[in-house]
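Structure record follows, encoded as structure tokens.
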Amino acid sequence: MNNNMDLEKLWQSTLGEMEIQLTKANFSMWLRGSKPIEREEGTLYVTLPNNFAKSWVEDKYRKNILGILRNMDSSIKKVEFVIGQQAPVPQKSMASTNDLATLVPAELDFNKADPETNLNPRYTFSTFVVGPSNELACTAGKSIAEHIGKYNPFFVYGGVGIGKTHLIQAIGNEIVARNGKRVKPKYVPSEQYTREVVWGLRNDRIESVKKKYRDVDVLIIDDIQFIGGKEKTEEEFFHTFNALYEGGKQIIISSDRPPQSLPTLEERLRSRFEGGFVADIGYPEYEMRVAIVRSKLSEANRSLDEDIIDLLARRLRKNIRELEGILKKLLFLQEQKGVEITKTFVEEIIEKSTKNVSKRVSDAQILKAVAEFFGVSLEDIISHNRRKEVVEPRQIAMYLLREISELSYPYIGEKMGRDHTTAIHSYEKINQEINRSAILNQKILTIKDMIYKG
Ligand code: ADP
Ligand code: MG
């Protein structure tokens with residue numbers, strides 16, 4: 001009865017549900033390489049690429065997976081994971097500086113989040129370097145941890161890799177440290193929240209999603225800008241926000257821009273945000289960048305020459321994640337490969353690592369590469385033609401303008417003769433699909449290649 005086709009389908013639907021429940025990173029990390037191999041009586045055997053994944057999945061997801069399986073086929077009683085050949089996995093392009101994520105096992109840390117609170121113990125105030133650019137946000141955050149509800153909601157905004165996630169998680173961790181189980185914080189990236197709400201609505205489980213987020217004392221929502229424009233999710237969030245707020249619970253929000261610039265957010269939600277405490281995190285100044293490098297070195301129990309520290313701090317100004325990434329890469333190469341860390345070598349690494357995210361790529365280059373790849377004209381891409389042959393290139397163009405050049409949605413919209421909501425929608429659509437479709441992933445890699453090679 002159970003031929004391979006059925007097995008494959010069954011597993012694909014299971015993965016589909018898991019994908020909605022997990023963060024993108026967790027899903028790719030742990031389940032993407034899985035494959036069903038056989039079914040024997042009530043037991044389904046699934047392969048995972050290595051022992052590490054196996055014990056993780058068994059530990060964290062087995063129950064959930066079995067539940068989903070049994071919902072579809074109640075004759076399944078057990079699911080067993082075995083180490084086996086990995087299914088070919090399309091890797092999302094690591095175009096950003098984080099290509100070292102593949103190099104440095106320590107990067108796996110992000111999976112160590114507590115399953116209840118979703119907080120990662122690595123983000124604490126003790127490892128958060130404070131300087132003029134983040135002092136206000138940090139001080140306010142600390143006093144919230146001491147007096148929950150003091151500033152409500154607390155809204156922090158700033159650029160990419162500047163420490164927003166670190167800060168808001170540090171508040172959560174500090175609250176746990178002070179209160180133990182008496183106070184329940186929960187951290188969630190807004191994309192995951194959105195996925196759960198959508199899943200809940202679709203599967204008639206919205207009540208349990210509601211409960212999950214209203215049953216907390218401190219709700220920490222990361223990157224709220226991704227919630228805007230999704231009506232149902234926003235509506236749901238609005239009600240959750242009000243329920244928590246009126247119940248005297250603390251709400252902490254991060255965003256890449258201030259409340260008044262969240263273009264798609266409903267007015268009533270925006271004014272709630274503006275009514276709280278709003279703090280921004282700016283670019284770190286030189287001294288702070290030096291302090292950050294020093295602190296990361298001491299965390300790792302390593303050292304580097306002063307002139308190398310100075311070089312790193314001078315060259316990497318705007319993105320602490322990037323600074324940290326390059327530092328880790330250097331330490332890795334030094335320890336594992338015995339490379340000598342000279343100034344020239346550091347310059348080279350910086351050059352290489354930042355090349356792909358370089359702003360030097362112009363809009364025109366991106367559009368040209370997309371047009372060339374699909375064999376359509378630039379006019380077609382910008383036109384209002386809805387033929388499938390031009391809709392995909394258009395969406396990919398908007399995706400790449402955002403992904404590579406980090407342009408704002410209003411700017412991208414204008415560039416493409418559309419409004420910002422279309423730009424957001426296109427970006428998000430491609431960003432999601434890229435994880436499901438190896439073909440799309442490959443297309444995008446190829447286009448990126450064309451862009452960088454000119
Ligand atoms: P964002 O959420 O703003 O994109 P993150 O909070 O993820 O940025 O920070 C990126 C990386 O930089 C993280 O590894 C974080 O620990 C580190 N980082 C950011 N700000 C600081 C800081 N002030 N002190 C130490 N590390 C920091
Ligand atoms: Mg973040």
Any sub-3.5 Å donor-acceptor pair from [X]'s side-chain atoms to [Y]'s backbone N or O?
X: S362; Y: Q365; value: yes
X: T127; Y: Y123; value: no
X: D419; Y: T422; value: yes
X: S255; Y: P258; value: no
X: N152; Y: K249; value: yes
X: T240; Y: E236; value: yes
X: S254; Y: D223; value: yes
X: N134; Y: G131; value: yes
X: D305; Y: I308; value: no
X: R289; Y: P284; value: yes

Set of residues satisfying side chain to side chain donor-acceptor pair (under 3.5 Å) with respect to Y187, sequence neighbours excluded: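 Y187 satisfies side chain to side chain donor-acceptor pair (under 3.5 Å) with D222 once adjacent residues are dropped.
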Quick check for you: to the nearest 0.5 Å, what is the distance between [X] atom [atom1] and [Y] atom [atom2]?
X: F125; Y: Q169; atom1: CZ; atom2: CD; result: 11.5 Å
X: L407; Y: D363; atom1: CG; atom2: CG; result: 5.5 Å
X: I396; Y: I444; atom1: CD1; atom2: CD1; result: 4.5 Å
X: L312; Y: L304; atom1: CG; atom2: CG; result: 7.0 Å
X: I171; Y: K142; atom1: CD1; atom2: NZ; result: 11.0 Å
X: I175; Y: R182; atom1: CD1; atom2: CZ; result: 12.0 Å

Salt-bridge criterion met for [X] and [Y] (N-O under 4.0 Å):
X: E235; Y: K232; value: no
X: K184; Y: D217; value: no
X: E348; Y: K352; value: no
X: R122; Y: E324; value: yes
X: E372; Y: K368; value: yes

Passes side-chain hydrogen bond (donor to acceptor under 3.5 Å, both in side chains), Y286 versus D310? Steps please. CA-CA 9 Å; Y286 171 79; D310 167 71; 2.5 Å; yes
ring-ring contact (aromatic ring centres under 6.0 Å, His included), paired with F237, selected from F226, Y193, Y245: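 Of F226, Y193, Y245, ring-ring contact (aromatic ring centres under 6.0 Å, His included) with F237 is met by Y193 alone.
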[Y] and [X], any side-chain heavy atoms less than 4.5 Å apart:
X: R394; Y: S426; value: no
X: N319; Y: L323; value: no
X: P121; Y: D114; value: no
X: I412; Y: H420; value: no
X: I404; Y: I451; value: yes
X: R32; Y: E19; value: yes
X: V346; Y: L330; value: yes
X: V57; Y: R62; value: no

Q225 versus Y409, side-chain donor and acceptor atoms under 3.5 Å: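 The answer is no; no qualifying pair exists.
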Distance only, no hydrogens: is a donor on one side chain within 3.5 Å (strictly under) of an acceptor on the other, for Q432 and E428?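 No, E428 and Q432 have no side-chain donor paired with an acceptor closer than 3.5 Å.
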Closest approach of [X] to [Y] (non-hydrogen atoms, all atoms of both residues):
X: V218; Y: V183; result: CG2-CG1, 4.2 Å
X: E174; Y: A145; result: CG-CB, 3.4 Å
X: I162; Y: G159; result: CG2-O, 3.3 Å
X: A300; Y: L331; result: CB-CD1, 4.4 Å
X: I366; Y: A397; result: CG2-O, 4.3 Å
X: P259; Y: F273; result: CB-CB, 4.0 Å

Please assess M398 against R418 for the test side-chain contact (heavy atoms from CB on, under 4.5 Å), listing each intermediate value before the final yes or no. CA-CA 10 Å; M398 290 192 252; R418 275 154 177 87; 4.0 Å; yes
Let me have the donor-acceptor pairs involving side chains of residues 333-345, under 3.5 Å, with sequence neighbours excluded, atom names and distances please.
from	atom 1	to	atom 2	distance (Å)
Q334	OE1	R302	NH2	2.8
T342	OG1	F345	N	3.1

What residue pairs, at least two apart or across chains, pass salt bridge (charged side-chain N to carboxylate O under 4.0 Å, His left out) with a residue in residues 146-166?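 Listed by first then second residue: E146-R178.
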Derivation and outcome, side-chain contact (heavy atoms from CB on, under 4.5 Å), residues I253 and V156: CA-CA 6 Å; I253 299 158; V156 46; over 6 Å; no
Taking it one step at a time, do R214 and L219 satisfy side-chain contact (heavy atoms from CB on, under 4.5 Å)? CA-CA 8 Å; R214 293 188 193 182; L219 182 62; over 6 Å; no
Under the salt bridge (charged side-chain N to carboxylate O under 4.0 Å, His left out) test, which residues partner E347, sequence neighbours left out?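 Only R315 meet the salt bridge (charged side-chain N to carboxylate O under 4.0 Å, His left out) criterion with E347.
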Under 3.5 Å, sequence neighbours excluded: what are the donor-acceptor pairs made by side chains of residues 201-210?
from	atom 1	to	atom 2	distance (Å)
N203	ND2	W199	O	2.9
S208	OG	R205	O	2.9

Verify side-chain hydrogen bond (donor to acceptor under 3.5 Å, both in side chains) between E196 and Y213, making sure each step is shown before the conclusion. CA-CA 11 Å; E196 288 182 34; Y213 289 105; 3.2 Å; yes
For the CD atom on E414, are there more than 12 heavy atoms of other groups (residues, nucleotides or ligands in this structure) within a distance under 6.0 Å?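 No.
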Please lay out, stage by stage, how M288 and S133 fare under the test side-chain contact (heavy atoms from CB on, under 4.5 Å). CA-CA 9 Å; M288 196 173 152; S133 61; 3.4 Å; yes
On the ring face of F373, is K443 found with NZ or CZ under 6.0 Å from the centre and within 45° of the axis?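 Checked: cation-pi criterion not met.
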Plane angle bin for Y399 and Y427 - parallel if under 30°, tilted between 30 and 60°, otherwise perpendicular: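 If you compare the ring of Y427 with that of Y399, the planes turn out parallel.
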Quick one: side chain to side chain contact (heavy atoms under 4.5 Å, CB included) partners of F238, sequence neighbours excluded?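 With neighbours one apart ignored, the set is N242, R268, L269, R272.
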For F155 and F277, I'd like to know if the aromatic rings sit close, meaning centre-to-centre distance below 6.0 Å.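 Judged by ring-centre distance (under 6.0 Å), F155 and F277 do not meet the cut-off.
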